[in-house]
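Contents: one structure, followed by commentary.
The chains referred to below are lettered A, B, ... by the order of the sequence lines, with proteins before strands, and numbering in each begins at 1. Everything numeric here is computed off the predicted structure, so don't read it as measured data.
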There are 2 protein chains.
Amino acid sequence: MDKKNEILKAAFDIFCERGYHLSVAELARAVNIKTPSLYSHFESKDEIIELVIRDEIQRYYRCLTEKILEVKNLSCRDSMKSLYVHVIDYFSEDNRLRFWRAIPFIQNQQLKNISAQLIEDNDRVFKQQIQQCFSTGQSKGEIRQDVSPGALRLYFCMIQGILDGMLLYPKEPFDLGNADELFEAYWDGIRANGTD
Amino acid sequence: MDKKNEILKAAFDIFCERGYHLSVAELARAVNIKTPSLYSHFESKDEIIELVIRDEIQRYYRCLTEKILEVKNLSCRDSMKSLYVHVIDYFSEDNRLRFWRAIPFIQNQQLKNISAQLIEDNDRVFKQQIQQCFSTGQSKGEIRQDVSPGALRLYFCMIQGILDGMLLYPKEPFDLGNADELFEAYWDGIRANGTD
DNA sequence: GTCTATAGTTTGATAGAC
DNA sequence: GTCTATCAAACTATAGAC
């Protein structure tokens with residue numbers, strides 16, 4: 001791995017811990033060079049952070065898109081379950097969760113806007129795909145016809161809630177069994193009678 | 001209001017915006033004094049932040065405890081709905097949500113530990129009370145007997161998910177109607193058949 | 001590309017006059 | 001309690017030698 005990428009990788013790790021207030025000195029130390037050497041690879045601290053953010057957001061949504069393709073032909077239940085587990089798994093790795101939760105606290109309006117826009121655009125696509133899956137599930141009789149209007153949003157909300165819990169209560173190491181139970185409780189609330 | 005409290009109030013506001021990296025200079029400016037004058041009221045920046053954090057955590061759980069007493073004699077559904085709305089309302093005010101989400105990023109291990117401990121202790125009590133309400137609801141026939149084991153945790157998860165969404169997507173101003181729909185979807189999944 | 005040296009700013013905090 | 005003056009340390013960034 002060349003130095004530039006080594007720096008970006010280290011910047012990711014430090015950003016997870018410290019957020020926007022990572023110091024270039026600490027970053028230089030992490031890759032065994034002196035601070036000024038950073039500036040032969042990048043123009044500024046903000047440029048580094050912007051690259052790290054773009055990389056991570058792109059990586060996440062690329063993974064998600066792959067997974068969506070992968071589950072396209074499964075039942076609605078299996079699709080929703082797979083994607084649910086996929087997202088939780090993704091954010092269990094490294095400190096990725098802290099990374100995403102640090103974004104709203106970036107002290108640079110331009111960077112914050114770029115991040116928010118990227119996330120918003122990508123998220124819309126993801127949510128549309130799930131919506132379609134949900135509708136198909138309904139028309140095929142997996143999901144009750146008379147399900148509440150908020151049922152789909154509860155799915156997204158549940159995912160966010162789990163992630164939030166992982167960040168706020170890091171002491172309780174996250175147990176995928178718990179996540180399973182939650183999904184079952186959710187599905188139990190929307191599945192058509194007589195199905196499993 | 002005396003100066004000390006004025007400072008703490010301002011510190012709260014700035015902490016919401018900037019997290020742990022609020023600067024004492026900015027704080028002093030906000031209350032129209034010079035930086036050194038802060039130090040006749042407090043020993044250090046960390047002392048100020050600790051006080052602000054203790055205040056806010058205490059305020060939140062005091063409000064919550066009051067509300068719990070208030071809804072004690074309502075039906076299970078009404079209790080859970082009231083507390084749900086209460087929490088969302090609480091975090092809709094000011095920048096409180098940012099405050100709580102900034103806590104995991106405090107760059108002072110001791111302060112972080114104090115906060116985490118306070119939250120954990122108080123949260124346990126809250127969750128026990130809801131658990132009791134939930135059990136009563138089941139035995140009284142408001143909630144299905146054969147409800148999934150994760151059904152109660154889905155409730156907490158849903159609340160966290162909504163709050164998380166409010167922080168991550170601040171552009172979409174939060175609509176209590178949406179929150180209503182979510183709760184109905186949740187309740188619809190656990191209510192006993194034949195009840196409303 | 002990496003270094004030493006250094007500039008210029010901002011940080012949290014203190015001394016001491018009033 | 002509030003101020004002016006000041007401190008040492010940390011910050012981002014640049015100049016210029018090798």
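Of all the residues in residues 18-29 of chain B, not one reaches under 4.0 Å from DNA chain D with any non-hydrogen atom. Near DNA chain C, meaning a heavy atom under 4.0 Å from it, residues 41-50 of chain A has A:His41 in order of number.
Taking B:Asp55 as the reference, nothing meets the salt bridge (charged side-chain N to carboxylate O under 4.0 Å, His left out) condition, with sequence neighbours excluded. Partners of B:Arg54 according to the salt bridge (charged side-chain N to carboxylate O under 4.0 Å, His left out) rule, which considers only residues two or more places apart in sequence or in another chain, are B:Glu50. By the ring pair (Phe, Tyr, Trp, His ring centres under 6.0 Å) test, A:His21 pairs with B:His21, sequence neighbours left out. For B:Asp123, the salt bridge (charged side-chain N to carboxylate O under 4.0 Å, His left out) criterion is met by B:Lys127, not counting sequence neighbours. Residues satisfying the ring pair (Phe, Tyr, Trp, His ring centres under 6.0 Å) criterion with B:Tyr84, sequence neighbours excluded, are B:Phe183. Contacts of B:Tyr90 classified as ring pair (Phe, Tyr, Trp, His ring centres under 6.0 Å), with partners at least two apart in sequence or in another chain: B:Tyr60. In this view, A:Trp187 satisfies the ring pair (Phe, Tyr, Trp, His ring centres under 6.0 Å) rule with no residue, not counting sequence neighbours. In this structure B:Arg18 satisfies the salt bridge (charged side-chain N to carboxylate O under 4.0 Å, His left out) test together with B:Glu26, sequence neighbours excluded.
Taking atom CG of residue A:Asp2 and atom C1' of nucleotide C:dG1, one finds them 12 Å apart after rounding to whole Å. Look at NZ on B:Lys4: it is 9 Å from P on D:dG1, rounded to the nearest Å. If you take NZ of A:Lys34 and C1' of C:dC3, they are 9 Å apart, rounded to a whole angstrom. Atom CD1 of A:Ile14 and atom P of D:dT12 are 11 Å apart (whole Å). Going from atom NZ of B:Lys3 over to atom P of D:dC3 covers 8 Å, rounded to whole Å.
Side-chain contact, A:Asp164 with A:Gln160: no donor N or O sits under 3.5 Å from an acceptor N or O.
Taking only side-chain nitrogens and oxygens, A:Ser37 comes nearer than 4.0 Å to OP1 or OP2 of C:dC3.
Using bins of under 30°, 30° to 60° and over 60° for the plane-to-plane angle, the ring pair B:Phe91/B:Trp100 lands in the perpendicular bin. Classified by interplanar angle (parallel below 30°, tilted 30° to 60°, perpendicular above 60°), the ring pair A:Tyr155/A:Tyr186 is tilted.
A centroid separation of 6.0 Å or more is found between the aromatic rings of A:Tyr20 and A:Phe105.
Among the nucleotides C:dG1, C:dG12, C:dT4, the one closest to any side-chain atom of B:Tyr39 is C:dG12.
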Can you pull every protein N or O that's under 3.5 Å from an N or O on nucleotides 15-18 of chain D?
none

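Remark: DNA chain D forms stems of 3 or more consecutive Watson-Crick or G-U wobble pairs, all pair distances under 3.5 Å, at C:1-7 with D:12-18, C:9-18 with D:1-10.
The SG atom of A:Cys76 sits 9.5 Å away from the NZ atom of A:Lys140 when rounded to the nearest 0.5 Å.
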